[in-house]
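Worksheet: one structure, shown below.
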Amino acid sequence: MPELPEVETVRRGLQPAMEGARIAAVDLRRADLRFPFQPDFAARLAGQRILGLGRRAKYLMADLASGDVLMMHLGMSGSFRVGTMPIGEFHHPRNDELVHDHVVLKMANGTTVTYNDPRRFGFMKVVARAALDDEPLLKGLGPEPLGNAFDAQALAAACAGKTVSLKAALLDQRIVAGLGNIYVAEALYRAGLSPKRRASTLATRGGAPTAHAVRLVEAIREVLNEAIAVGGSTLRDHRQPDGNLGYFQHSFRVYDHEGAPCTMPGCGGTIRRFAQHGRSTFWCAKCQK
DNA sequence: ACCTCGACCTGCAAGC
DNA sequence: TGCTTGCAGGTCGAGG
């Protein structure tokens, strides 16, 4: 799924249809996604005006006039459509994809916002805004990688003493929130750091950031900003709500590039793939140390 | 407390 | 052609 740049792209695409609009009714097409919908889920949405649509990590957060917040997570294969028109110039939904339309928000102005998720790893949940600080799903989340709280100091402190690999640390949403398998690979490559390196090597014994930590923070910020600027990455499942494809997949330098030559100037290595923590890691062993 | 691994689900592509 | 296998952008909870 959708990592931070894709979720942010979805947020921006949904904003015009959702912000300021009122939810007239909610059509729940099944009782559960990753877990069951709350019994009062639809009732708490019906009739509510959406004041704003935000994002925290990979969660979309719709602020409702009632004081509730609708949290939405796209899992691995979740996506939205606005309206009933075929989505975009590149893609027309097939009938067998419509069976995965699980939630339809019927807005008072007549438009519909449809959540589709074949694998159903995504979910939605309503939480009182006043209770957000105690929300278990948000509680342990680390800083936003594009926010002020995320810097080399913070990354080093979070990694200090960690015996896990750098790859595992960056995928850990408690350390930094929003990265996934693609952008971790791309950031580590740009920073010239091995995914196998121990996370603790980003900090000195005193816990201060090393030069590696500084480089990595810059690489993370850079790759996320570039991806957001072009609408995220489009793999087989994901597309923007307006149907347009993201373009960042054309800018992948290592992810899904097994066997390709390393493009770092003067490197001459080859991009390799191996399994790490049950997921594919792509990297160049020659220039990532 | 840490860390690893399996589980959750469907669809697609590659291999036989 | 059809079957089987492995893989996919995430995360949680059980177990070591």
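Note: hydrogens, waters and symmetry copies are ignored here, and every other heavy atom, side chains too, is used. Quick note on labels: first sequence line is chain A, next is B, and so on, each numbered from 1.
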**Asked** In Å, rounded to the nearest 0.5 Å, how long is the span from NZ of A:K167 to OG1 of A:T281?
**Response** 3.0 Å

**Prompt:** Just how far, in rounded Å, is C1' of C:dT11 from CG of A:D172?
**Reply:** 11 Å

**Message:** For a quick test of reading the model: is some side-chain N or O of A:S280 closer than 4.0 Å to OP1 or OP2 of C:dA8?
**Reply:** yes

**Inter-nucleotide P distance (B:dC9, C:dC3), Å rounded** = 24 Å

**Request:** State whether the distance check finds a donor on one side and an acceptor on the other, under 3.5 Å, for side chain A:R119 versus base C:dA8.
**Result:** yes

**Request:** May I ask you to check whether A:F248 and A:Y183 place their ring centres under 6.0 Å from each other?
**Result:** yes

**Item:** Protein-nucleotide distance (A:H277, atom NE2; B:dG6, atom P), rounded to Å
**Value:** 14 Å

**Asked** How would you label the contact of A:R174 with the nucleic acid (heavy atoms, under 4.0 Å): base, sugar-phosphate, or nothing?
**Response** nothing

**Request:** In plain terms, say whether A:D32 and A:R30 are close enough for a salt bridge, that is, a side-chain N and a carboxylate O under 4.0 Å apart.
**Result:** yes

**Request:** Return no unless some side-chain N or O of A:K162 is found under 4.0 Å from OP1 or OP2 of B:dA1.
**Result:** no

**Request:** Choose from C:dT11, B:dC3, B:dT4 the nucleotide whose nearest atom is closest to any side-chain atom of A:R34.
**Result:** C:dT11

**Stacked pair A:F121-B:dC8, distance under 5.5 Å, angle under 30°** = yes

**Message:** Under 4.0 Å, heavy atoms only, any strand: does A:G278 hit a base, just the sugar-phosphate, or nothing?
**Reply:** nothing

**Request:** Report the base-pairing partner of C:dG13 (Watson-Crick or G-U wobble, both distances below 3.5 angstrom), or none.
**Result:** B:dC5

**Message:** Is A:H73 close enough to C:dT11 that one of its side-chain N or O atoms is under 4.0 Å from OP1 or OP2 there?
**Reply:** yes

**Message:** Quick check: any donor-acceptor pair below 3.5 Å linking the side-chain of A:R120 to the base of B:dC9?
**Reply:** no

**Asked** Between C:dC7 atom P and A:F274 atom CZ, what is the distance in whole Å?
**Response** 14 Å

**Request:** For A:L137, report the nucleic acid contact type (base, sugar-phosphate, nothing); a contact means any heavy atom under 4.0 Å.
**Result:** sugar-phosphate

**Item:** Gap separating the OG1 atom of A:T111 from the CZ atom of A:R81, nearest 0.5 angstrom
**Value:** 13.0 Å

**Request:** Consider the side chain of A:H100, meaning its heavy atoms from C-beta on, and name the nucleotide among B:dT4, B:dG11, B:dC3 that approaches it most closely.
**Result:** B:dG11

**Fill in**
What one should report as the nearest heavy-atom pair of A:L193 and A:R215 is CD2-NH2, 4.4 Å

**Request:** Calculate the interatomic distance between A:Y183 atom OH and C:dG10 atom C1'; express it in whole Å.
**Result:** 15 Å

**Item:** Separation of B:dT4 C1' from A:K167 NZ (nearest whole Å)
**Value:** 15 Å

**Message:** OP1 or OP2 of C:dT11 versus the side-chain N and O atoms of A:Q173: is any pair under 4.0 Å?
**Reply:** yes

**Request:** Round to a whole Å and report the spacing from NZ of A:K58 to C1' of C:dT11.
**Result:** 9 Å

